[in-house]
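Written out below as structure tokens is the structure these notes cover.
Because the structure is predicted, anything quoted here is derived from the model rather than measured.
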Amino acid sequence: MIKLNQKTSKVNHSKFSKSLLEWYDINARNLPWRIPPELTKEGITNDPYKIWISEIMLQQTGVKTVQSYFLNFIKRWPNVIELNKAKEDDVLKAWSGLGYYRRARNLKNCAKTICEKYNGIFPNCTEELTKLPGIGNYTAAAIVSIAYNKIAFPIDGNIQRIVSRLFEIRDEIKNDKTNLLENLKEIFSQKRPGDFAQAMMDLGSIICKPANPTCNSCPVLKYCLAHKNNTYKSIPFKTKKVKKVAKKGYLYIGITDCKKIILIKRPNNGLLGGTICPPTSEWKVNKFPIPKPPYEGDWKVLDNRLFHSFTHFELELKIMISKVKHFPQNVYLEPLNDYTLNSLPTVMKKGVEMGITSFND
DNA sequence: AACTCGGGGAA
DNA sequence: TTCCCAGAGTT
């Protein structure tokens, strides 16, 4: 539903973006994947590779969390050619702790396609970009606007929130953004589409925050219908989430004679897909399954339990540990050092840390 | 259209 | 605790 009442129709296309971009020119966040506005205004453009990596990392992941991962990643694989040469397992290890591990595998697959079908050059239109693995409507539009400074309409959580408040849209947030798009097209900047998108994101991060927005310092306050009518606290509207189910299981930490930990590669589909972890039992809702350690040994259960929160359920793991002499050929044997720990998904890192602490006692 | 995918920062 | 984060892919 598009709401074009008298107040919102006065939102002037060029005046809005002028106010926003003047604010951005002074207040832009200094981010490692970003060319600052004083340089983009001189025609210097962002590196599509860096914008791509950052956009994938930033999917459902905060800027603060992403920065160090981004710098490490770019240092190790500075361009798409190098990334294409990387091993998928190494990319997954570099991704460990970020979550949503499918992103890392899609990244590798996408690099392959870019190198083999696009001669190492990122497409500059959303139609081609959305064909690539891991790149949906949002990321395609972000690359087109931010990296190539062409007109496109990335709609992330920030832009969704800001536009909803500007036009006082009370609709429930959905996957389908066509509604918001109509309103966004009334206010965006044709001259600086890349900076406009980033300015909206910075505004959403610094001023127009989800809770307690600092409206008194907002550069586009006079255009905001939700502020005018004091409805911003309930916009955007979201339904409250259902309570998470509790799942329980066992984590098996097998240690070889040469003090290495036995790891296996999880199936590509499903939770923590493709990552290399200690084996676990099945995870049953509300009760522990019967423990069945995968290798012969003198298994003991730790007193401490591991609690970890996923998006859709809470996990409680009992940790079992044993010395293991016989194991299959296809396992991964890794030394118990910081590199190994930091290459594990967070839940597994926590479990291994608990396990080896007790093992050393 | 509804699920499934992690993890952490911040209030 | 709860919410939210520069979402995409699958069902």
[atom1] atom, [N] versus [M]: distance in rounded Å?
{"N": "B:dG8", "M": "C:dG9", "atom1": "C1'", "result": "23 Å"}
{"N": "C:dA6", "M": "B:dT4", "atom1": "P", "result": "24 Å"}
{"N": "C:dA8", "M": "B:dG9", "atom1": "C1'", "result": "23 Å"}

Query - A:K50, NZ atom: more than 12 neighbouring heavy atoms under 6.0 Å - result: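 Open: at most 12 neighbouring heavy atoms sit under 6.0 Å from NZ of A:K50.
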
Query raised in the report: Heavy-atom count around A:N137 CG within 6.0 Å, excluding the residue itself: above 12?
Result: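 Not buried by this count: 12 neighbours or fewer within 6.0 Å.
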
Enter the distance from [X]:[atom1] to [Y]:[atom2] here, rounded to the nearest 0.5 Å.
{"X": "A:L98", "Y": "A:W95", "atom1": "CG", "atom2": "CH2", "result": "5.5 Å"}
{"X": "A:I135", "Y": "A:T126", "atom1": "CD1", "atom2": "OG1", "result": "11.0 Å"}
{"X": "A:K85", "Y": "A:K108", "atom1": "NZ", "atom2": "NZ", "result": "11.0 Å"}

Requested in this report: Please tell me which of A:L271 and A:K209 maps to the more 5' nucleotide of DNA chain B, matching each residue to the nucleotide holding its nearest heavy atom.
Outcome: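 Its nucleotide being nearer the 5' end, the pick is A:L271.
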
Query - Given DNA chain B, 5'-ward residue of the pair A:H312 and A:K64, judged by closest heavy atom - result: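 Looking at the nearest nucleotide for each, A:H312 comes out on the 5' side.
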
Query raised in the report: Hey, are A:E128 and A:K131 close enough for a salt bridge, meaning a charged N less than 4.0 Å from a carboxylate O?
Result: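 The answer is yes: the pair qualifies as a salt bridge.
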
Report task. Taking heavy atoms of chain A and a 4.0 Å limit, find me the 5'-most and 3'-most nucleotide of DNA chain B within that range. Result ->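 Nucleotide range with atoms under 4.0 Å of chain A: B:dT4 to B:dA11.
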
Query raised in the report: Is it the case that A:K244 places NZ or CZ above or below the six-membered ring of A:F310, under 6.0 angstrom from the centre and within 45 degrees of the axis?
Result: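 Cation-pi check for A:K244 and A:F310: fails.
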
Query raised in the report: Within 45° of the six-membered ring axis of A:Y332 and under 6.0 Å from that ring's centre, is NZ or CZ of A:K265 located there?
Result: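 No.
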
Report summary line: In B/S/- notation (B base, S sugar-phosphate only, - none; protein heavy atoms under 4.0 Å), nucleotides 2-11 of chain C written 5' to 3' is --BBBBBB--

